[in-house]
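Read the structure below first, then the notes.
Predicted model, so just to flag it, every value in this text is computed and none were measured.
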Amino acid sequence: KVVKAVGPVAKLSAPKEGWENSSLRVRFMQAGLREKSWPALFFAGKTVLALGLPGLFLMFTGLTAVQLSTNLNLLMLLLLAAIGYYLPNGILAHLVESRKNEIQDALPDALDLMTVCVEAGLGLDAAMNRAASEIGMRSEALEDELNLVALELRMGLKREVALRNLALRTGVDDVSSFVAMIVQADRFGTNVAEALRIQGETMRTHRRLRAEERAAKIPLKLLFPLIFFIFPSLMLV
């Protein structure tokens with residue numbers, strides 16, 4: 001009901017054509033928003049916020065009798081309209097980034113599970129299904145993506161096509177390297193278990209380096225709160 005109600009409003013911000021091949025549609029997939037209602041809500045939010053925030057500002061100035069110059073009023077209206085129009089894009093970018101980080105951190109664990117399954121005698125497709133069922137406790141996003149790969153394989157898609165779709169849906173560099181490794185192993189007939197083990201060790205090293213990088217940034221991030229908040233309080237005491 002909400003989607004039907006906001007449909008005419010969403011058309012004001014929605015692209016006229018080329019949605020199927022647009023980069024924004026890929027961003028929705030990378031954020032995990034696959035239902036058809038999400039684009040309508042997204043474009044309706046852009047329109048409502050772009051028109052509603054300037055309207056609220058005009059209502060506020062009218063009720064409080066705040067006297068502002070014409071240029072300042074015009075500047076505030078344009079600024080609020082721009083903030084309202086691009087705020088949904090910022091929220092979508094945050095969802096995409098958080099989902100990418102979740103998949104990137106959980107991928108080495110999934111590769112370890114696949115390695116154990118392949119060494120136990122399972123095929124690669126069965127090992128991915130098993131890893132998808134177990135990795136859900138670690139990352140629901142990665143579980144959904146691996147389940148989608150399994151569904152595409154059941155529909156008759158080639159493994160290479162299904163894995164490349166996985167890399168496109170996630171947008172994670174580690175997933176792209178994992179897909180390239182699997183494709184090369186299939187093409188040249190190399191040992192999949194050994195390739196999975198090496199790839200898992202490499203991604204685990206990358207995960208540790210990312211954690212060390214975040215830890216190294218902590219002193220710089222603490223510098224400004226120390227200078228502007230904690231040191232003045234100590235001086236007052």
Checklist entry - If you round to the nearest 0.5 Å, how far is CZ of Phe43 from OH of Tyr85? => result 7.5 Å
Checklist entry - Hey, quick one: are Trp38 and Leu92 part of the same hydrophobic cluster, counting side-chain heavy atoms closer than 4.5 Å, chains of contacts allowed? => result yes
Checklist outcome for this item: Shortest non-hydrogen pair, Ala131 vs Leu146, comes out as C-CD1, 4.5 Å
Checklist entry - Do you know the tightest heavy-atom contact between Val192 and Ala185? => result CG2-CB, 4.4 Å
Checklist entry - Which distance, rounded to the nearest 0.5 Å, do you find between the CG of Asn147 and the CG of Asn129? => result 7.5 Å
Checklist entry - Can you tell me if CD on Gln184 sees more than 12 non-hydrogen neighbours from other groups inside 6.0 Å? => result yes
Checklist entry - Do Leu41 and Leu33 belong together in a cluster built from hydrophobic side chains that touch within less than 4.5 Å? => result yes
Item to check | Check ion pair Arg34-Glu145 (N to O, under 4.0 angstrom) | outcome: yes
Item to check | For the student: nearest non-hydrogen atoms of Leu163 and Val179, plus distance | outcome: O-CG2, 3.2 Å
Next on the checklist: Other residues, nucleotides and ligands only: do more than 12 of their heavy atoms fall within 6.0 Å of CD on Glu212?
Outcome noted: yes
Next on the checklist: Salt bridge or not between Arg99 and Asp144? Use side-chain N to carboxylate O under 4.0 Å.
Outcome noted: no
Next on the checklist: Ignoring hydrogens, what is the shortest heavy-atom contact between Thr115 and Ala193? Give both atom names and the distance.
Outcome noted: CG2-O, 3.9 Å
Checklist entry - So does Arg207 pair up with Asp109, basic N to acidic O under 4.0 Å? => result yes
Checklist entry - Which heavy atom in Ser139 sits nearest to a heavy atom in Glu102, and how many Å separate them? => result OG-OE2, 3.0 Å
Item to check | Same cluster (ILVMFWY, side-chain, under 4.5 Å), Val183 and Leu196 | outcome: yes
Item to check | Side-chain heavy atoms of Asn89 within contact of Lys46, under 4.5 Å | outcome: yes
Next on the checklist: Phe42 vs Leu24, test: side-chain contact (heavy atoms from CB on, under 4.5 Å). Steps then yes/no.
Outcome noted: CA-CA 11 Å; Phe42 176 79; Leu24 187 58; 3.9 Å; yes
Checklist entry - Any donor-acceptor pair under 3.5 Å linking the side chain of Arg138 with the backbone of Glu143? => result no
Checklist entry - Is Leu222 reachable from Ile227 through a run of I, L, V, M, F, W or Y residues, each pair having side-chain heavy atoms under 4.5 Å apart? => result no
